[in-house]
Amino acid sequence: MESYKPTSKNPGANEVWWKISSVFLATVAIVTVLLFCWTKRRLWELAARLPGPTPVPLLGNLLTFAGCDLIQFFKMIVQLVEKHGSIFKLWIGQDLFVLLSDPVALEKVLGNKNFIRRTGYVTKVGKPFFRNGLLMSDGDTWRVHRKIIQSTFHNNILDQFVENFAKNSSILVQKLGDSECAVTVNVYPLISLCTLDVICETAMGTKVNAQLDYDGEYVQNVLKSLQLLSERFMRPWLSVDWIFNLTQLGKEQAATLKYLHGNVQQVVSEKLAKFHASGRQKTQVDDVQSVNRKKLSLLDLLIEDGQLTPDEIHDEVVTIVAAGSETTASTCCYVLSLLGVHQDVQQRVFEEQRSVFGEDMNRLVTCEDLLHMPYLEQVIKESLRLFPPIPYLFRKVEQETDLGNGYVLPAGCYSMVVTYTTHRNPDHFPDPGRFDPDRFSPENSIGRHPYAYIPFGAGRRMCVAYKFGIMEAKTMLSTILRRFRVVETVGGIRTLVDSLESGVVLKPANGFNIKIEGRFADT
Ligand code: HEM
């Protein structure tokens, strides 16, 4: 039987055909919209009970951030928290974000072992850089990799890294100069080159000499790629790959990442070949002598472990290098800036250093020394409270979650934990804007809510290397503060606060400008 085909010779039949098609398409569209509304009904119902600014159709609250640069974006978030409180919602297009700064609510989200996915947006923008490393992965891949990576950050391995921290810190103080007159320096570029040297050597076992050869190709590409990552992150319209790839930013990122990934791939291949040729046995990380004898990098340990493929090892190494340099660098810079304003605290830190180093104030720090600097550690913790380098933590809320105070997070929304405002909650930190390292003395820390202070995150996805970060920061600060006094923080702390921008890490747009002078007379 011949099938019916509309032809131009039969205009009446054509019309009928178009009518049927239109009715069919309209029905499909209506059913799709109804199904969409049906699946979203619970999310919308629970969202309606949450406070927050009024959204506009389709765009939600996106216009609130229209035209914001990185500084204004951060300021806007802080203002919104001040206005709407420690739990409120924002609609970013069709996505619901619930911003949290309340420790009880944070525990329900960060402490939930099933909520390990970050947002689609963060993953999309970060993936070309970090590929499938720990920061971006989830599910079973993340679980297995996290366990393996965590074992490489064993205390014995960290102790062995202190020699490297100290050696690179001594290069840093040489770069800071030896003038006895006070000089004003933006310490961020110098300190971040030092942390880059440290992380490349400890993670990959390769020297990149960032401090001594700033113009080197590898160093320039790492710095450039981190800057490009920040810039893309704050431009949501560039999350669409084909748009991003057409922009100058996209082309520059492709070129820097091609170089970086190629470089790391080569290092991994060479180390693998060396390992197979050597017939080396797997190191028992709890055997101090074996660890000290071999002096292995994290990459060597991952290769010895044998569970990850070369590509997986590559992704983890790239992730560790990126996650481990800017975070520690900004931590050290905030501490120095705060000490420039709080001379009494600086003096106490210096006295503690004197008690550890005695007459030999210029020697390198050892891991034993680090155990005798509890006050410096309190200063670092208080600085991380006021200025957490990672100001937001994202999680996908996989199931409906009662926050216990009348609010319920709907399944399918995203939580955005605002670390900065969480740390400035007067219920947990009275007079929150005041810099007071004694808040972290052992006696004053008793009874504090475990989710009130989360510079390294919390729960299962907490920073895998927080001990590494603290030990490195202590080593660098001990080395700097024994050699220099921070005389002044240019413009005071207000200048820092007013220009905070949230790129890859939270830092002031104009850098950390401090006035330092040599302590030769004191030592
Ligand atoms: C003071 C320095 C540091 C700070 C403040 C810091 C902070 C953080 C934070 C807030 C997270 C996210 C946690 C979450 O989403 O809940 C994180 C994750 C991570 N950090 Fe750090 N970090 C520091 C140093 C380091 C260093 C030195 C390394 C590497 C040597 C490192 C490697 C990582 C990795 C790989 C992750 C991802 C963990 C996962 O998703 O399982 N961090 N860090």
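Read the numbers this way: they start at 1 and go in the same order the structure lists the ligands and their atoms. What's counted below: heavy atoms across the whole structure, side chains too, no hydrogens, waters or symmetry copies.
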Asker: Check for me whether Glu316 has a heavy atom closer than 4.0 Å to any atom of ligand 1.
Answerer: no

Asker: Side chain, backbone, both or neither: which applies to Phe468 and ligand 1 if a contact is any heavy-atom pair less than 4.0 Å apart?
Answerer: side chain

Asker: Within 45 degrees of the axis of the six-membered ring of Tyr188 and under 6.0 Å from its centre: does Lys507 put its NZ or CZ there?
Answerer: yes

Asker: How close does the nearest protein non-hydrogen atom get to atom 13 (C) of ligand 1, and which residue and atom is it?
Answerer: Arg461 O, 3.2 Å

Asker: Taking the six-membered ring of Phe387 (Phe, Tyr or Trp), confirm whether the NZ or CZ of Arg424 is under 6.0 Å from its centre and within 45° of its axis.
Answerer: yes

Asker: Please write down residue, atom name and distance for the protein heavy atom closest to atom 15 (O) of ligand 1.
Answerer: Arg118 NH2, 2.9 Å

Asker: Give me the residue, atom name and distance of the protein heavy atom closest to atom 30 (C) of ligand 1.
Answerer: Ile199 CD1, 3.4 Å

Asker: Roughly how far, to the nearest 0.5 Å, is the OH atom of Tyr453 from the CZ atom of Phe429?
Answerer: 7.5 Å

Asker: Heavy-atom pairs closer than 4.0 Å: do any link ligand 1 to the side chain of Arg395, the backbone, both, or neither?
Answerer: side chain

Asker: Where does Ile390 meet ligand 1, judged by heavy-atom distances below 4.0 Å: at the side chain, the backbone, both, or neither?
Answerer: side chain

Asker: Can the positive tip of Arg385 be found less than 6.0 Å from the middle of the six-membered ring of Phe440, inside 45° of the ring normal?
Answerer: no

Asker: With a sphere of 6.0 Å drawn around NZ of Lys295, does it hold more than 12 non-hydrogen atoms of other residues, nucleotides or ligands?
Answerer: yes

Asker: Can you list the steps and then say if Gln378 with Glu382 is a side chain to side chain donor-acceptor pair (under 3.5 Å)?
Answerer: CA-CA 6 Å; Gln378 281 177 221; Glu382 173 67 343; over 6 Å; no

Asker: Looking at Phe350, I'd like to know if the NZ or CZ of Arg348 sits under 6.0 Å from its six-membered ring centre while staying within 45 degrees of the ring's axis.
Answerer: no

Asker: Which is it for Arg146 and ligand 1 at heavy atoms under 4.0 Å: side chain, backbone, both or neither?
Answerer: side chain

Asker: Could you tell me whether Tyr466 approaches ligand 1 through its side chain, its backbone, both or neither, with non-hydrogen atoms closer than 4.0 Å?
Answerer: neither

Asker: How does Thr419 reach ligand 1, if at all, at less than 4.0 Å between non-hydrogen atoms: by side chain, backbone, both, or neither?
Answerer: neither

Asker: Compare Cys332, Ala323, Pro455, Pro389 and give the one whose heavy atom is closest to atom 7 (C) of ligand 1.
Answerer: Pro455

